Each structure stands twice: as structure tokens, then as C-alpha cells.
Amino acid sequence: MRWVFVLLCLWGAAAAAQPRYVDVAAAAGIEFAHRNGAKGQKQLPETMGSGVAFFDYDDDGWLDLYWVNVAAPAALYRNEGNGRFAERTQAAGVGNSGCGMGAVAADYDNDGDADLYITCYGANILYRNRGDGRFADATAPAGVGDEGFGTGAAFGDWDLDGDLDLYVANYLNFRADPDRACFREDSVRVYCAPWTYAPEADAFYRNDDGRFAEVGAEVGFAGGRARELGAAFGDWDLDGDLDLFAAGDGTPNLLYQNEGDHFAEVGLIAGVSHNRQGQSEAGMGVAAGDYDNDGAFDFFVTNFYLETNTLYHNEGEGFFRDRTTDAKLGKPSLAYLSWGTAFFDWDLDGDEDLFVANGHIDDNVALFAETTYAQPNQLFRNDGAAGFAEVSAAAGLGAVQSSRGVALGDCDNDGDGDIAVAHINARPSLLRNDMDGERNYLAVRTVGVESNRDGVGARIRVRTGPRVQVREVRRGGSYLSSHDPRVFFGLGASAQADEVEIRWPSGKVQRLSRVLAGQVLTAKEPQ
């Protein structure tokens, strides 16, 4: 029987080492509640949800939270650094988010603090950080108040001139018929399918010293190509400039390749416009990462109920392949309607895991389908061999909501990934990652000098023994949300990274040796 005792001890040790999530939103003092203003007319903007942004607005080293709202004020919570958040919305002047959809935080004016851009059904909003705890509405002076059905937004320096440009994904022309009523054959009223509305042209703004010029058509963003939701900049072909991926809802996904002075849409040729069956899916959220540590960035796109979410593996040479089934991510997603998502190293073992938020759009879906409105969120652990295993229950993700926006960030500065999740018509979740401290991490905060101040577009390579991890500094992604601006690497049992290499957007390459684990490394671009 002694071997049974030994096995039980080993199992207990493994269980103790398993990181788990605890929802600490209420205990942390977050009293925000999302309100979509629904009155029974089933108007599409009300069910799309809203996003959330992790960003350090007062530059004190602790991540703050901004929750977007639709039919009530938004909310800004300051991280007090002791496990508590204090509501600072009115003091900061950011309570208006219009009919709010998404948020992305970035230093667009290169003055050293994080500004905030809100996408809306209606005019978008830009809040400029004044550096004294308050924001000023800079929408009109900056010229970025696009009035479409704004959804995902992303900042990136596409022309490598040292400041951040802005892409705004627009969804569809709901204004053409806002009172349209849609019913199933059994006379049950539902939200109208997106393909009953025409796609709406996106907006692309070139930053000219803090004033933006809309140049979408001029640089290759043709209007009406897709109903877009999630979007992310990234250097997918590793040629030193930022390309753009955007998920289409019932229309092909788009991949815009940066050609220096314009973008060329190459989604079909590259293999990311459709799934492996050649079908357009209901693209919602976008995650970008290097899940198999081969040095090339892959895409993950969340989709509708009875569609799988889709993993596009970067095969190199500008081509991608649908590896959803190979990675064991297909079947577990069929029963859910998925939204916010992110690649991140949940267990700090050196490869990227995957989080997915779920929830149906119709609150009466149980009348006509074998699913529910509230659905559990999912966590998939990377097995290190290009596959994933669902560990949601073991990680403490048993609660069900109709979730939408997701932002990843280390809100308690202990090195592991916490998760902010926005829910429809409900209070949000703040999922704290509780690990036992046996695995190490390294976080990198980039400060550009010749490059943009945030270092967006910098490619960071961390080598620990034979393992090499590559990440990229981004602003935007997921679904309507904005992640921690710092870049995190799991180092497992290693006490240091043998080498950290940063390739800045300016082309400069910075190398650091024997970097100690357990810290946030502030890397300033060399002059």
C-alpha cells in the first residue's frame, strides 16, 4: 500500500502546484455593472457587449481598469496596489463612452502616459491623458471621431515614423434599418443575422504629430469588404513593418500586408480568409501569438455557436494553415459562442496557453437551440507539442455568464496572468491567477526613443537554455479590449533568461545577457 500513499502524495503536490483562478472583482471594490439598454426590440448593438482595458493611467506601476458601457456611464478604477481598486471615473473625466463598444490604450502623442480610445455605435472618443490623473476629450482636435459602428481598434506605427497610427474596425450599417425585426420559423424573435446588413467601411488614421488624417482608401483599405470585429497589428511576415489582421463576421477574414507605402489584402492567398472547409465564419475576437515557439506569429479567431473557433498556424513564407483540429481546439468550441480571447502563458512553463470567453447573443436561445445564453469560459493548456487540453474546471472557471470583452494583465504584480472579463448586463469578473510561486517569469516594458514611445511593434526574443520564446509589443486585439502593455515570458524553473533580444521598430537591435527572473525589465531603446 506504500506505493498508493506515494502516488497520493505526488498527486496532492501536483494539485497544489496547479494555478487556479479566483474572481476577486467584488472583494477588490469593483462595483461597475454593464447595462445594454435592451427594451425587447432586439437591436443588434445591445447584444454585442462591451470591452475592458488594462492600462496604467497614472504611471505608478500598477495596472488600472477601464470598463466600457452602452446605456450607462463607463468606469475607471485605480489600482491601489493592495488588492483594492478605487473608482476614479468622474475625477478623471472619462465617464462618457457613448454607446460604447471597445477600448484600446496607447501613448498616441509620445508624451509618456497612456491615452484611451473608445469605439462606439456612433462617434468614437479619444481621451488624452493630461498626466495629472485627468483626461481631456481630444476627439475633435485629433480628428478621430469616426461615426460608424465601431468595434475593434488597434494602434501601430505602420509607416515607421515614430508615432502610433490607428485602425478602427467598423461592423455593419445598422442605421440603414434599426427597427428591422427578425423571427425564426417558429415565430420566436431573435437578433437579426449580421448578413442582413451591409458591411461598413473601416477607418485608418495616419498620425501626423498628434493630429490624425483618415487615409484608409489612399493606403489600400477598401470599404465594404467585411463586417469586422477583432483586429490586431503584427509583423506576420517578419520583414520589419506592421501588417494587420481583422476578423470578419460572416465575411472573409482580412490580412493586410504592409508594402511600405500601402497595404495589400492577401487573406485568401495567405490562407486565413476562410477555415479549412473554405467557409467564412463569424469572426469575433482575435488572438495573436507564437503558441509553438517556432518564431512566427499565429492567429486564433473566435466564432459562433456550432462553428469551431479557428487556429491559423503560420507556416512561413507568408502562408498559414488551419490547424484547429490538429491542436485539439475544434470539438471543445462547438457548443459555445465565443468572443474575447488571448494567448498567454498561464502556468509560466514557457509556452502560450489560450483563454476564450463565451456567451450567446439571444437571451431566449434555450427556446430554439440546445444551448444556453450564459456559458462557461474556457482555458486551454498548451501541452508543449502544438496541442491544447481544456483545463477550465481544474482552473476554477466554473461560473457561467454571457461574456464578451477580455483583457489579460498582471494586476497584482506577481508575474502571472490575471484576466478581466466583461459580461452583458452584469457585473464583470476579475480573475486573479493564484500560483504557488514555483515557476519564474520575466516581464519586459519597452520605452521607445527613436521608435514610438510605447515600443509598439518591437519584437522580443527571450532565450533560456534551449528554449526560445518570441513575443511582440501590441496595442489592441482580443474582442473590444486592451491587454497589459508589458510583455510576459514564463521561465519555468530558470532563475534567469540567458539572453533578451529586442528588435525595435527603428531597426535597432538591443541584447541583454543573464537577465534575472522575477522582475519587470524596463528596456529603453538605445540611442
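This one's a predicted model, so the numbers in the text were calculated from it and none came from an experiment.
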If you compare all heavy atoms of [X] against all heavy atoms of [Y], which two are closest, and at what distance to 0.1 Å?
| X | Y | answer |
| --- | --- | --- |
| Ala154 | Ala232 | CB-CA, 4.4 Å |
| Leu379 | Leu397 | CB-CD1, 3.7 Å |
| Ala247 | Val301 | CB-CG1, 4.0 Å |
| Gly156 | Leu242 | CA-CD1, 3.7 Å |
| Thr341 | Leu354 | OG1-CD1, 3.7 Å |
| Val421 | Leu431 | CG2-CD1, 4.2 Å |

_Pairs where residues 77-87 contributes a residue and the test side-chain hydrogen bond (donor to acceptor under 3.5 Å, both in side chains) is met, not counting sequence neighbours_ =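 Matches after skipping sequence neighbours: Asp58-Arg78, Asp60-Arg78, Arg78-Glu80, Glu87-Thr89.
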
_Worked verdict on Ser402 versus Arg404 for side-chain hydrogen bond (donor to acceptor under 3.5 Å, both in side chains)_ = CA-CA 7 Å; Ser402 194; Arg404 297 296 187 267; 2.9 Å; yes

Under a plain distance cut-off of 3.5 Å, with no hydrogens placed, do [Y] and [X] share a side-chain donor-acceptor pair?
| X | Y | answer |
| --- | --- | --- |
| Thr310 | Asn303 | yes |
| Gln375 | Tyr305 | no |
| Gln401 | Ser403 | no |
| Glu352 | Asn382 | no |
| Asn36 | Asn425 | yes |
| Asp179 | Gln41 | no |
| Asn309 | Thr302 | no |
| Ser429 | Asp23 | yes |

Taking the inter-plane angle between the rings of [X] and [Y] on a 0 to 90° scale, is it parallel (under 30°), tilted (30 to 60°) or perpendicular (over 60°)?
| X | Y | value |
| --- | --- | --- |
| Phe55 | Tyr57 | tilted |
| Tyr256 | Phe221 | tilted |
| Tyr108 | Phe212 | tilted |

Interatomic spacing from [atom1] in [X] to [atom2] in [Y] - rounded to 0.5 Å:
| X | Y | atom1 | atom2 | value |
| --- | --- | --- | --- | --- |
| Arg471 | Asp290 | CZ | CG | 6.5 Å |
| Ile125 | Ile118 | CD1 | CD1 | 6.5 Å |
| Tyr205 | Leu164 | OH | CG | 16.0 Å |
| Asp165 | Phe155 | CG | CZ | 9.5 Å |

*Salt bridge between Asp362 and Lys42, side-chain N to carboxylate O under 4.0 Å?*
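Result for this pair is yes, salt bridge flagged.
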
*Let me see the working for Arg427 and Glu31 under side chain to side chain contact (heavy atoms under 4.5 Å, CB included), right down to the final yes or no.*
CA-CA 7 Å; Arg427 295 186 183 277; Glu31 299 179 349; 3.7 Å; yes

Are the side chain of [X] and the backbone of [Y] linked by a donor-acceptor contact shorter than 3.5 Å?
| X | Y | value |
| --- | --- | --- |
| Asp146 | Val168 | no |
| Thr47 | Leu44 | no |
| Ser482 | Ala103 | no |
| Asp202 | Asn170 | yes |
| Asn377 | Asn358 | yes |
| Thr324 | Asp322 | no |
| Thr151 | Ala169 | yes |
| Asp410 | Asn413 | yes |
| Thr308 | Ser333 | no |

_ring-ring contact (aromatic ring centres under 6.0 Å, His included) assessment of His313 paired with Phe297_ = CA-CA 8 Å; His313 178 261; Phe297 299 118; over 10 Å; no

*CA sep, side-chain torsions, deciding dist, call: Phe263, Trp158, ring-ring contact (aromatic ring centres under 6.0 Å, His included)*: CA-CA 9 Å; Phe263 288 89; Trp158 83 283; 5.2 Å; yes

*asked:* The test is salt bridge (Lys or Arg N to Asp or Glu O under 4.0 Å); show your working for Arg206 and Glu214 and say whether it passes.
replied: CA-CA 6 Å; Arg206 185 186 65 223; Glu214 206 291 310; over 6 Å; no

*Does the cation-pi check pass for Arg180 over Tyr197, that is, NZ or CZ under 6.0 Å from the six-membered ring centre and within 45° of its axis?*
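So Arg180 does make the cation-pi contact.
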
*Does the ring center of Phe388 lie less than 6.0 Å from the ring center of Tyr291?*
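Yes, the ring centres sit under 6.0 Å apart.
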
*Would you check if the distance from the ring center of Phe344 to the ring center of Phe355 is below 6.0 Å?*
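For Phe344 and Phe355, the ring centres are not under 6.0 Å apart.
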
*asked:* Walk me through whether Ile424 and Tyr373 qualify under side chain to side chain contact (heavy atoms under 4.5 Å, CB included).
replied: CA-CA 10 Å; Ile424 284 281; Tyr373 180 59; 3.1 Å; yes

_Is there a side chain to side chain contact (heavy atoms under 4.5 Å, CB included) between Leu76 and Phe85? Walk through the geometry before answering._
CA-CA 9 Å; Leu76 174 67; Phe85 286 78; over 6 Å; no

_Run the salt bridge (charged side-chain N to carboxylate O under 4.0 Å, His left out) test against Arg130 and tell me which residues pass, sequence neighbours left out._
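Salt bridge (charged side-chain N to carboxylate O under 4.0 Å, His left out) check on Arg130 returns Asp132.
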
_Between Gln43 and Tyr191, is the side-chain hydrogen bond (donor to acceptor under 3.5 Å, both in side chains) condition met? List the steps._
CA-CA 7 Å; Gln43 294 187 320; Tyr191 287 101; over 6 Å; no

*So do the side chains of Arg323 and Thr325 get within less than 4.5 Å of each other, counting heavy atoms only?*
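With C-beta onward as the side chain, the pair stays apart.
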
*side-chain hydrogen bond (donor to acceptor under 3.5 Å, both in side chains) partner of Glu281, chosen from Thr251, Asn253, Asn275*: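 For Glu281, the side-chain hydrogen bond (donor to acceptor under 3.5 Å, both in side chains) check succeeds only for Asn275.
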
*Could you please spell out the steps behind the side-chain hydrogen bond (donor to acceptor under 3.5 Å, both in side chains) verdict for Glu228 and Tyr167?*
CA-CA 12 Å; Glu228 295 176 25; Tyr167 178 81; 2.4 Å; yes

_Criterion salt bridge (Lys or Arg N to Asp or Glu O under 4.0 Å) against Asp454, the qualifying member of Arg486, Arg474, Arg475_ =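 Looking at Arg486, Arg474, Arg475, the match for Asp454 under the salt bridge (Lys or Arg N to Asp or Glu O under 4.0 Å) is Arg475.
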
*With respect to the side-chain SG atoms, do Cys120 and Cys99 come within less than 2.5 Å?*
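Disulfide absent: SG-SG distance not under 2.5 Å.
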
